[in-house]
S.K.: 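Next up is a structure, given as structure tokens.
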Protein chains: 2
Amino acid sequence: MSELQNILNHAEHRCRVHGSRLTEKRKKVLSGLLQSDRALSAYELVDYCNENYDENFAAMSVYRILEFLEQEQLVHKLKLSNRFVACVHIACEHPHQIPQFVVCTDCRKVKEFSISRSTMNSIKRQVEESSFHLVSEQIEFNCLCDSCAV
Amino acid sequence: MSELQNILNHAEHRCRVHGSRLTEKRKKVLSGLLQSDRALSAYELVDYCNENYDENFAAMSVYRILEFLEQEQLVHKLKLSNRFVACVHIACEHPHQIPQFVVCTDCRKVKEFSISRSTMNSIKRQVEESSFHLVSEQIEFNCLCDSCAV
DNA sequence: AAATGTTATGTTACACAATATCATATTGTC
DNA sequence: GACAATATGATATTGTGTAACATAACATTT
């Protein structure tokens, strides 16, 4: 079984457990993201689906599907660039963490990673000192990847 | 002299030093931001200017003006929300730092602050460990302000 | 199987964000 | 004043995202 198939199976199982359905269209959108190492915009996914499958994907549908996949934590939305990436932990068993991302502003390559708990706590403390309260620990860093940095 | 006037004078002086000009329109857009404690979108600024000044501000112009003000570091663009805020350091003498922001996702209030050097270094190190290189230290945190947190 | 409620998708229209392009006006320098 | 450089006007176009309503697919009960 291919790695992609394996991940899709995990995803499907997770949805079933939650009482939701990973339909064919949703599966195809998710596949598109899984096969890309870069973050894709909704409209890029529309194009991807229309090119690779003999079906019509309306932009509206893709937006809805992405919203669904996000709720199921199968996909994350990068808020700095309004693009989407598949979660790297779909086939893992361990509980899901709050995602942090490094994003190459040049080639758009994305890596999901985690800032250490202690650094995160320092950040949190300094934010609180400004009389604000952190709502989400998702942080996105504008970076260059190794290849683009040369 | 009003505090606003004082800041505008500093801004004008800074432009002159850079060989650029803080025109009347630019001054008005900047004033709009200086008088708001919330981040404003380009189109909100268009409305603000058209309501408060007896002149016509086209969206196109406001975008160009914002771009200019950003270059002069008089204004920062919040990339998470595509909104703009006046820099808090216009009238300061000390060299300008890379801005970090806490943004209330509810009322859009914004505060410019600075993460400590040591925390920033930790972040930087952890990013490098993922084979990426930080391009910008500007970070925006999704927060709730004290008033909205209740 | 028929009826019903729920979820998923189709379709169209629209609002908002941002940029491209070319024309015109204003300013600074010689 | 003539010229170059900069700033603004005006219009069109592209991209992103959502609202609203219609239809289709599925699940459950009877």
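Scope of the values below: all heavy atoms of this structure, side chains included, with no hydrogens, waters or symmetry mates. Numbered from 1 within each chain, the chains take letters A, B, ... in sequence-line order.
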S.K.: From D:dG17, D:dA20, D:dA7, pick the nucleotide closest to the side chain of B:R26?
M.R.: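 Within the option list, the nearest is D:dA7.
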S.K.: For the pair made of CG in B:L30 and P in D:dA7, what is the distance, rounded to whole Å?
M.R.: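 To the nearest whole Å, that distance equals 15 Å.
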S.K.: Just the rounded figure in Å: distance from P of D:dG15 to CG of A:N82.
M.R.: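 Spelled out: CG on A:N82 to P on D:dG15 is 15 Å.
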S.K.: Using a 4.0 Å heavy-atom cut-off, does A:R64 contact any base of the nucleic acid, only the sugar-phosphate backbone, or nothing at all?
M.R.: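 Contact class for A:R64: base.
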S.K.: Please step through side-chain contact (heavy atoms from CB on, under 4.5 Å) for the pair A:V103 and A:L80, ending with a clear verdict.
M.R.: CA-CA 9 Å; A:V103 184; A:L80 274 180; over 6 Å; no
S.K.: Around atom CD of B:E70, are there more than 12 heavy atoms from other residues, nucleotides or ligands closer than 6.0 Å?
M.R.: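 Yes.
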S.K.: Roughly how far apart are B:I115 CD1 and A:T119 OG1, rounded to 0.5 Å?
M.R.: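 OG1 of A:T119 is found 10.0 Å from CD1 of B:I115.
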S.K.: Side chain of B:Y63: nearest nucleotide among C:dG10, C:dT19, D:dT16?
M.R.: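 In terms of side-chain proximity for B:Y63, the closest of C:dG10, C:dT19, D:dT16 is C:dT19.
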S.K.: Return whichever of A:N56 or B:R83 has its heavy-atom-nearest nucleotide of DNA chain C closer to the 5' end.
M.R.: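 Going by which nucleotide is closer to the 5' end, it is A:N56.
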S.K.: Distance from B:C104 atom SG to B:D37 atom CG, nearest 0.5 Å?
M.R.: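 Here the interatomic distance stands at 10.5 Å.
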S.K.: Using whole Å, what does the distance between atom C1' of nucleotide C:dA15 and atom CD of B:E44 come to?
M.R.: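 After rounding, the reported distance stands at 14 Å.
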S.K.: Rounded to whole Å, please give me the gap between CG in A:N50 and P in C:dG10.
M.R.: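 My rounded result for the distance is 10 Å.
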S.K.: Which nucleotide in the set C:dA20, C:dT11, C:dA17 lies at the smallest distance from any side-chain heavy atom of A:M60?
M.R.: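 Nearest to the side chain of A:M60 among the choices is C:dT11.
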S.K.: Taking atom CZ of A:R83 and atom CZ of A:F101, what is their separation to the nearest 0.5 Å?
M.R.: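 It is 14.5 Å, given to the nearest 0.5 Å.
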S.K.: Need the bend value for the helix from C:dA1-D:dT30 to C:dC30-D:dG1: angle between end axes, 5 pairs each end, nearest 10°.
M.R.: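 The end axes of the helix from C:dA1-D:dT30 to C:dC30-D:dG1 are about 20° apart, to the nearest 10°.
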S.K.: Closest heavy-atom contact between B:F57 and B:V46?
M.R.: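 Reported closest heavy-atom pair: O-CG1, 3.4 Å.
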S.K.: Less than 4.0 angstrom between a side-chain N/O of B:S61 and OP1 or OP2 of D:dG9, yes or no?
M.R.: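 It does, given that an N or O in the side chain of B:S61 lies less than 4.0 Å from OP1 or OP2 of D:dG9.
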S.K.: Find the distance B:E67:CD to D:dA7:P and express it as a whole number of Å.
M.R.: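 Rounded to whole Å, this separation is 11 Å.
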S.K.: Report the distance from atom CZ of A:F68 to atom P of C:dT7, rounded to the nearest whole Å.
M.R.: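 Whole-Å distance recorded here is 12 Å.
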S.K.: Would you mind reading off the distance between A:E72 atom CD and C:dT7 atom C1', rounded to a whole angstrom?
M.R.: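 Atom CD in A:E72 sits about 13 Å away from atom C1' in C:dT7.
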S.K.: Nearest of C:dA17, C:dT11, D:dT8 to any side-chain atom of A:A58?
M.R.: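 Shortest atom-to-atom distance from the side chain points to C:dT11.
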S.K.: May I ask you to test the A:C145-A:D106 pair for a side-chain heavy-atom distance under 4.5 Å?
M.R.: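 The answer is no, as the side chains (C-beta and beyond) never meet within the 4.5 Å cut-off.
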S.K.: What is the separation between atom CZ on A:F57 and atom P on C:dG10, rounded to the nearest whole Å?
M.R.: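 To the nearest whole Å, that distance equals 8 Å.
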S.K.: Which one, D:dA7, D:dA27, C:dT12, comes nearest to the side chain of A:R21?
M.R.: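 Closest of the options to the side chain of A:R21: D:dA27.
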S.K.: Does D:dT6 have its OP1 or OP2 closer than 4.0 Å to a side-chain nitrogen or oxygen of B:S20?
M.R.: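 No, because none of the side-chain N or O atoms of B:S20 sits under 4.0 Å from OP1 or OP2 of D:dT6.
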